[in-house]
Visitor: 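First, the structure itself, so that you have it in front of you.
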Amino acid sequence: MAYWLMKSEPDELSIKDLAKLGEARWDGVRNYQARNFIRAMAVDDAFFFYHSSCPEPGIAGIARITAAAYPDPTALDPQSHYFDAKASTEKNPWSAVDVAHVETFSKVLGLGYLKQQSVLAELPLVQKGSRLSVMPVTAEQWAAVLALR
DNA sequence: GCCAACGTTGGC
DNA sequence: GCCAACGTTGGC
């Protein structure tokens, strides 16, 4: 089992939204590096749910993968914000996974706080200029963040 | 709203 | 293949 971190704008999907829904499709990833990580995910992999572009950026909880990567339908939907005119049913370069809520942290672990943790120094999230929205997390990093809850 | 940093596009 | 211009991300 592998560990990951994925960013979501809480205006679009927050950890509370996911808790209410139980399960959701994680779509709209439009970056090849992030997509490759999406494709490497397996059912029951866990990930940190990160809130980005919001008043309190940080890790808000945990979710898990319930369906491995499949073609992202939003790329084919002209009504979607994530529509990609170059994508087709036969050739859709984008992938989505299904996810389920596991845990909402009692407090958001803020980005500034995470940056203070030396054990997380290698995590792209805390590195200057990194905009990667899906990234792998090592077992050591995973355990370290759990201990901060 | 600002802006640094990155990714993508497209001319050559 | 290079690289300038542009668009996007995301913290502040």
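Note that the coordinates shown come from a computational prediction; the quantities given were computed from them, not determined experimentally. Residue numbers start from 1 in every chain, and the chains themselves are labelled A, B, ... in the order their sequence lines are given, proteins ahead of strands.
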Visitor: Can you name the ring-ring contact (aromatic ring centres under 6.0 Å, His included) partners of Y50(A), sequence neighbours left out?
Guide: none
Visitor: What residues from residues 71-87 of chain A pass a heavy-atom cutoff of under 4.0 Å to DNA chain C?
Guide: none
Visitor: Excluding sequence neighbours, so at least two apart, what forms side-chain hydrogen bond (donor to acceptor under 3.5 Å, both in side chains) with E56(A)?
Guide: none
Visitor: The criterion is side-chain hydrogen bond (donor to acceptor under 3.5 Å, both in side chains); which residues satisfy it with R131(A), sequence neighbours excluded?
Guide: none
Visitor: Run the side-chain hydrogen bond (donor to acceptor under 3.5 Å, both in side chains) test against N31(A) and tell me which residues pass, sequence neighbours left out.
Guide: none
Visitor: Sort and list the pairs that fulfil ring pair (Phe, Tyr, Trp, His ring centres under 6.0 Å) and have at least one residue in residues 92-116 of chain A, not counting sequence neighbours.
Guide: Y32(A)-W94(A)
Visitor: Kindly list each side-chain donor-acceptor pair under 3.5 angstrom involving residues 57-70 of chain A, sequence neighbours excluded, with atom names and distances?
Guide:
unit_1 : atom_1 : unit_2 : atom_2 : d
R64(A) : NH1    : D44(A) : OD1    : 3.3
T66(A) : OG1    : E23(A) : OE2    : 2.7
T66(A) : OG1    : D98(A) : O      : 3.3
Y70(A) : OH     : D98(A) : OD1    : 2.5

Visitor: Enumerate the residue pairs fulfilling ring pair (Phe, Tyr, Trp, His ring centres under 6.0 Å) with a member in residues 115-146 of chain A, sequence neighbours excluded, ordered by first and then second residue.
Guide: Y3(A)-W142(A), F48(A)-W142(A)
Visitor: Looking only at side chains, do D17(A) and S14(A) share a donor and an acceptor under 3.5 Å apart?
Guide: yes
Visitor: List for me each residue that meets side-chain contact (heavy atoms from CB on, under 4.5 Å) alongside V43(A), sequence neighbours excluded, and say none if there are none.
Guide: none
Visitor: Under the rule for side-chain hydrogen bond (donor to acceptor under 3.5 Å, both in side chains), what residues qualify as partners of Y82(A), not counting sequence neighbours?
Guide: E12(A)
Visitor: Contacts to DNA chain B from residues 107-127 of chain A, heavy-atom cutoff under 4.0 Å, which residues?
Guide: none
Visitor: Using a heavy-atom cut-off of 4.0 Å to chain A, what are the terminal contacting nucleotides of DNA chain C, in 5' to 3' order?
Guide: dG7(C) to dG11(C)
